[in-house]
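Structure first, commentary second.
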Amino acid sequence: MAKQPVRVLVTGAAGQIGYALVPMIARGVMLGPDQPVILHMLDIPPAAEALNGVKMELIDAAFPLLKGVVATTDVVEACTGVGVAVMVGGFPRKEGMERKDVMTKNVSIYKSQASALEKHAAANCKVLVVANPANTNALILKEFAPSIPEKNISCLTRLDHNRALGQISERLKVQVCDVKNAIIWGNHSSSQYPDVNHATVNTPSGEKPVRELVKDDAWLNGEFISTVQQRGAAIIKARKLSSALSAASAACDHIRDWVLGTPEGTWVSMGVYSDGSYNVPAGLIYSFPVTCRNGEWTIVQGLPIDEFSRKKMDATAEELSEEKALAYSCLS
């Protein structure tokens, strides 16, 4: 029997990431090749004409799985009945702006979208925040949508996770699909900690630890980490635009694994509400290794953490605590 369509919200849909993301969703990359979707696209009034152009292109593409398109500047219409919400819209930091100015703008955006989602989204709506500062925007959304379960609110660190896999794959000249179980700990910022201590590569003679194959701890503890941390800036320098297609692809990976499950023996990185695991302060949205099953994520427990990792994990937690305090000060 044909599945009922799932309504998927993309905010900031006329922007770069939105433009890359909506055709992927319409093609079944996010929810599977047999799952029909109705796209809800939201943007600000000045982008209304561009948003309508995206709607025209979606119609012109004749995607078999796409059963309807809502293109609107009205947050209530956009949020009504959605089962998945991908929050790409946010206020970008501009030259000369202080972090607090950006935070104040984003707090007000996420406050209004949180209350619309809470009142109008489908009962078990899964929310993914992409717009930066992603972890703290997700925390604000959680604060202002108290009836949405905290397990249903996440932020995107899968892009960083995929970047880490890509760097290992390039270094070892292996297929990226053969590399697994890297971890992004902490904030989706340059303080994040890309950790390969538990990562493995599938080789003709079985699974081997990444460290054993790379045989260069100085690179893994230095250049590898900084390359993943600074990859977004490197892409802006090269393209004169921020990464869009890789961010859109990672958003699809994040939701697909969350909804359809992670493969046995594989974990992924998601920014989720900390319960105190790995001595990360509870009450932060922090990136952890997770497995997903039956639409629920679970933090992978019991991984040994060395001293080098502990310091990096604590530093990114500290940055998130500062961001949280800054965001809360914008509320007063």
Side-chain angles (χ1 to χ4, degrees), residues 84-85 87 110 114 117-118 121 123-130 133-161 164 181-189 191-195 197-199 250-251 253-262 264-307 309-328 331:
V84 172
M87 318 302 281
Y110 277 82
L117 278 171
E118 185 173 46
N124 199 30
C125 179
K126 287 178 162 53
V127 183
L128 167 61
V129 177
V130 175
N135 299 58
T136 301
N137 284 343
L139 193 62
I140 294 296
L141 195 141
K142 182 204 160 293
E143 287 296 311
F144 287 99
S147 73
I148 298 178
E150 60 198 34
K151 66 181 174 57
N152 282 17
I153 295 173
S154 64
C155 81
L156 187 72
T157 55
R158 183 61 174 270
L159 176 55
D160 309 299
H161 180 97
N181 295 354
I183 302 167
I184 303 298
W185 298 100
N187 198 1
H188 174 63
S189 75
S191 80
Q192 64 176 260
Y193 170 43
D195 174 6
N197 288 327
H198 314 283
D253 290 345
H254 175 113
I255 296 287
R256 186 189 63 244
D257 286 344
W258 191 2
V259 172
L260 301 177
T262 46
E264 194 64 41
T266 300
W267 63 66
V268 294
S269 301
M270 283 174 69
V272 296
Y273 198 64
S274 172
D275 61 357
S277 292
Y278 295 100
N279 294 323
V280 171
L284 296 176
I285 301 265
Y286 187 99
S287 182
F288 288 97
V290 302
T291 55
C292 304
R293 194 173 176 191
N294 300 326
E296 306 266 331
W297 54 262
T298 305
I299 295 172
V300 176
Q301 297 293 344
L303 297 172
I305 304 295
D306 63 18
E307 193 183 343
S309 298
R310 186 73 259 164
K311 283 184 178 156
K312 297 271 188 198
M313 290 164 68
D314 289 347
T316 190
E318 200 170 310
E319 183 183 66
L320 279 169
S321 296
E322 287 167 11
E323 272 188 24
K324 179 180 178 177
L326 185 61
Y328 281 46
L331 299 172

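For reference, positions follow the sequence shown, starting with 1.
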(message) For R293, I'd like to know if atom CZ has over 12 heavy atoms of other residues, nucleotides or ligands within 6.0 Å.
(response) no
(message) Within a 6.0 Å radius of atom CD on E307, are there more than 12 heavy atoms belonging to other residues, nucleotides or ligands?
(response) no
(request) Determine whether the side chains of Q192 and S287 contain a donor N or O and an acceptor N or O closer than 3.5 Å. (result) no
(message) Do T157 and Y286 make a side-chain contact, defined as non-hydrogen atoms from C-beta onward lying under 4.5 Å apart?
(response) no
(request) For the residue pair S309 and D306, confirm or rule out a side-chain donor-acceptor distance under 3.5 Å. (result) yes
(message) When you compare the side chain of E118 with that of P146, does any pair of heavy atoms fall below 4.5 Å?
(response) yes
(message) Would you say the ring centers of W185 and Y278 fall short of 6.0 Å from each other?
(response) yes
(message) Is there a side-chain contact between L284 and N135 in this structure, where contact means two heavy atoms from C-beta onward sitting under 4.5 Å apart?
(response) no
(message) So, taking the atom named CG in N181 and the one named OG1 in T291, what distance separates them when rounded to the nearest 0.5 Å?
(response) 10.0 Å
(message) When you measure from the centre of the six-membered ring of W258, is the NZ or CZ of K126 closer than 6.0 Å and no more than 45° off the axis?
(response) yes
(message) So, taking the atom named CG in N279 and the one named CE in M313, what distance separates them when rounded to the nearest 0.5 Å?
(response) 8.0 Å
(request) To the nearest 0.5 Å, tell me how far E323 CD sits from N137 CG. (result) 8.5 Å
(request) Work out which heavy atom in A182 is nearest to a heavy atom in A199; give both atom names and the distance. (result) N-CB, 3.8 Å
(request) Would you check if L139 and Y110 make a side-chain contact, meaning some heavy-atom pair closer than 4.5 Å? (result) no
(message) Is the shortest side-chain heavy-atom distance between I183 and H198 below 4.5 Å?
(response) yes
(request) Mark yes or no for whether S154, through its side chain, and G271, through its backbone, hold a donor-acceptor pair below 3.5 Å. (result) no
(request) Return yes if some donor-acceptor pair links the side-chain N/O of D160 with the main-chain N/O of Y193 below 3.5 Å, else return no. (result) no
(request) May I have the step-by-step check of side-chain contact (heavy atoms from CB on, under 4.5 Å) for F288 and V272, ending in yes or no? (result) CA-CA 7 Å; F288 288 97; V272 296; 3.8 Å; yes
(message) Is any side-chain heavy atom of N152 closer than 4.5 Å to one of V127?
(response) no
(message) Side chains of L320 and I285, heavy atoms from C-beta outward: is any pair under 4.5 Å?
(response) no
(message) What's the separation between atom CG in L128 and atom CE in M87, rounded to the nearest 0.5 Å?
(response) 9.5 Å
(message) Could you report the tightest heavy-atom contact between D275 and A282, atom names first, then the distance?
(response) C-CB, 4.2 Å
(request) State the CD-CG distance between E319 and N187, to the nearest 0.5 angstrom. (result) 4.5 Å
(message) Could you check whether R158 pairs with D257 (Lys NZ or Arg NE/NH1/NH2 to Asp/Glu carboxylate O, under 4.0 Å)?
(response) yes
(message) Within the 4.5 Å heavy-atom criterion, are V290 and V268 side-chain neighbours or not?
(response) yes
(request) Taking K324 for its side chain and G283 for its backbone only, find out whether a donor-acceptor pair lies under 3.5 Å. (result) yes
(message) Whether D314 and K311 form a salt bridge (side-chain N of Lys/Arg under 4.0 Å from carboxylate O of Asp/Glu) is what I want to check.
(response) no
(message) When you measure from the centre of the six-membered ring of F144, is the NZ or CZ of K142 closer than 6.0 Å and no more than 45° off the axis?
(response) no
(request) Report the C-alpha distance between W297 and K151 in whole Å, list the side-chain angles of each, state the deciding distance to 0.1 Å, and finish with yes or no for side-chain contact (heavy atoms from CB on, under 4.5 Å). (result) CA-CA 8 Å; W297 54 262; K151 66 181 174 57; 4.2 Å; yes
(message) If I take atom CG from residue D195 and atom CD1 from residue I305, how far apart are they, to the nearest 0.5 angstrom?
(response) 6.5 Å
(request) Write down the atom of I148, the atom of C125, and the distance for their closest heavy-atom approach. (result) CG2-O, 4.5 Å
